[in-house]
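Working notes for the structure below.
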There are 2 protein chains.
Amino acid sequence: MPTNELIKGTLGTIILKLLQENGKMYGYDITRVVKQRTDGKILLKEGSLYPALHKLLAEGLVKTEEMLIGNRPRVYYSLTPAGKKQIAIRTEELAGFMESIRTIMGIQTTLSHG
Amino acid sequence: MPTNELIKGTLGTIILKLLQENGKMYGYDITRVVKQRTDGKILLKEGSLYPALHKLLAEGLVKTEEMLIGNRPRVYYSLTPAGKKQIAIRTEELAGFMESIRTIMGIQTTLSHG
DNA sequence: AAGTATACATAGAAAAACTATGCATAGAAA
DNA sequence: TTTCTATGCATAGTTTTTCTATGTATACTT
């Protein structure tokens, strides 16, 4: 029950969200998207990513589909129904947590308003 | 070098920020302020708080001042010059990280604009 | 031929927060 | 007066997460 635990499990939530957007993705793909979307600020390591994916799989939140591209194996991940449900829950949890942190820290969000 | 590590160390940053605002605080005090400011969403446990305070102390970012209230010991923490410098650095780091997460997750911030 | 990018994986280390204790004072409720 | 709750500090040990460091292998580029 991660009521607290100051944000742990963020990576799992990020992965679920990306799968929701893109339908199916494979590991290497995810690292690139995260890197690109964060201007290189968040660099996922294989040692973080693959265990996180395996955990989501064990939890039944994602499923896999293996295929060969040429001679190279590739494992696509996509959401299960349970995974789809989890996204709303986790996103809200994460948003709420970040809102709390912002309240404490007095952090302003970068806004282009017009 | 916590370039990545998905937000670990947030607690230390929170503590520094609260000390900056309030000048000096003691442990139990901090748990109450955090609870209050986050509407009970973040509940610091002693097992998290005191080790975090001790670590900040060991890093030279805070200093202590012990006193007795009646017969009860109380340990006040306040910022050292090094601690004051750290706040800007860590706050920016945390803000940048949260901005990245928001970008990935597509989280909207609650705004009252007019 | 060598280097870089792609692609998956795991073992072991490190860090952070947690649970569960322990001790003790103080005030309120029963 | 006893018990419960709040205050106040502390640590030992566990769990979780991410990391570093490897290992294997294909594919493309130079």
Side-chain angles (χ1 to χ4, degrees), chain A residues 1-16 24-36 41-59 62 64-77 90 93-94 97 100-101, chain B residues 1-16 24-36 38 40-59 62 64-77 90 93-94 97 100-101:
Chain A
M1 276 89 252
T3 315
N4 244 349
E5 298 190 45
L6 299 199
I7 228 170
K8 277 185 183 176
T10 299
L11 179 50
T13 305
I14 288 173
I15 293 170
L16 292 179
K24 58 178 63 174
M25 300 177 84
Y26 56 99
Y28 199 81
D29 211 12
I30 293 174
T31 64
R32 275 181 310 195
V33 170
V34 169
K35 180 180 176 182
Q36 176 203 333
K41 275 179 261 172
I42 295 180
L43 300 172
L44 293 186
K45 309 298 161 52
E46 295 102 315
S48 310
L49 177 66
Y50 291 111
L53 284 170
H54 299 337
K55 194 187 169 202
L56 291 172
L57 188 63
E59 289 168 339
V62 301
T64 60
E65 203 179 331
E66 298 172 46
M67 54 177 75
L68 282 178
I69 305 297
N71 256 351
R72 308 186 54 185
R74 185 180 286 179
V75 185
Y76 277 96
Y77 288 83
R90 292 202 187 192
E93 238 173 56
L94 184 51
F97 174 75
S100 292
I101 297 295
Chain B
M1 274 91 254
T3 315
N4 243 352
E5 298 189 45
L6 299 199
I7 228 171
K8 279 185 181 178
T10 298
L11 180 49
T13 305
I14 288 173
I15 293 171
L16 293 178
K24 59 178 62 174
M25 301 177 84
Y26 56 99
Y28 199 79
D29 212 11
I30 293 173
T31 63
R32 274 181 310 195
V33 170
V34 169
K35 180 180 176 183
Q36 176 203 333
T38 63
K41 274 178 262 173
I42 295 181
L43 301 171
L44 293 186
K45 309 298 161 49
E46 296 103 314
S48 310
L49 179 66
Y50 291 111
L53 284 169
H54 299 337
K55 194 188 169 198
L56 290 173
L57 188 63
E59 290 169 338
V62 301
T64 60
E65 205 179 331
E66 297 172 46
M67 55 178 70
L68 283 178
I69 304 297
N71 256 352
R72 310 186 54 186
R74 185 180 286 181
V75 185
Y76 276 97
Y77 288 83
R90 292 201 188 193
E93 238 173 54
L94 184 51
F97 174 76
S100 291
I101 298 294

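Below, chain A is the first sequence line, B the second, and so on; all start at residue 1.
- Following rounding to the nearest Å, A/R74 (CZ) and C/dA9 (C1') show an atom-to-atom distance of 17 Å.
- Looking at every heavy atom in both residues, B/G12 comes nearest to B/L56 through O-CD1, 4.0 Å.
- Smallest separation of non-hydrogen atoms from A/L49 and A/G27: CD2-O, 3.2 Å.
- A/E66 places its CD atom 7 Å from the P atom of C/dA9, with the value rounded to the nearest Å.
- Atom CD in A/E46 sits roughly 13 Å away from atom P in C/dT10 (whole-Å rounding).
- In this structure, A/V62 and A/L53 approach most closely via the heavy-atom pair CG2-O, 4.2 Å.
- For C/dC8, the OP1/OP2 oxygens have no side-chain nitrogen or oxygen of A/H54 closer than 4.0 Å.
- Applying the 4.0 Å criterion to OP1 and OP2 of C/dA7, one finds that A/Y26 has a side-chain N or O inside that range.
- Summarising the base pairing, C/dA29 is matched to D/dT2 through a Watson-Crick or G-U wobble pair whose two defining distances lie under 3.5 Å.
- Taking only side-chain nitrogens and oxygens, B/Y50 comes nearer than 4.0 Å to OP1 or OP2 of D/dC9.
- For A/P51, taking side-chain heavy atoms from C-beta onward, the closest of the listed nucleotides C/dT10, D/dT20, D/dG8 is C/dT10.
- When each of B/R32 and B/Y77 is assigned the nucleotide of DNA chain D with its nearest heavy atom, B/R32 is the one assigned upstream, toward the 5' end.
- Atom pair A/I30:CD1 and C/dC8:C1' shows a separation of 12 Å (rounding to whole Å applied).
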Exercise for the section: Decide salt bridge (charged side-chain N to carboxylate O under 4.0 Å, His left out) for A/E66 and A/K24; before the verdict, give the C-alpha distance in whole Å, the side-chain angles of both, and the deciding distance to 0.1 Å. Expected result: CA-CA 12 Å; A/E66 298 172 46; A/K24 58 178 63 174; over 6 Å; no
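- Both A/P73 and A/G47 lie close to DNA chain C; mapped to their nearest nucleotides by heavy-atom distance, the more 5′-ward contact belongs to A/P73.
- Per the geometry, NZ belonging to B/K55 stands 8 Å off P belonging to C/dA17, to the nearest Å.
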Practice task
Show your reasoning for whether side chain to side chain contact (heavy atoms under 4.5 Å, CB included) applies to A/M67 and A/Y76.
Solution key: CA-CA 8 Å; A/M67 54 177 75; A/Y76 277 96; 3.6 Å; yes
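- Rounded to whole angstrom, the span from the CG atom of B/L53 across to the P atom of D/dA10 amounts to 8 Å.
- Here B/G27 lies in heavy-atom contact (under 4.0 Å) with sugar-phosphate atoms only.
- For the pair B/L49 CG and C/dA20 P, the computed distance is 19 Å after rounding to whole Å.
- Separating the CD atom of A/E59 from the C1' atom of D/dT17 is a distance of 12 Å, rounded to the nearest angstrom.
- Nearer the 5' end of DNA chain D, as judged by each residue's closest nucleotide, is the contact made by B/Y28, out of B/Y28 and A/G12.
- Across the strands present, C/dA9 finds its partner in D/dT22; the criterion is a Watson-Crick or G-U wobble pair with both atom distances under 3.5 angstrom.
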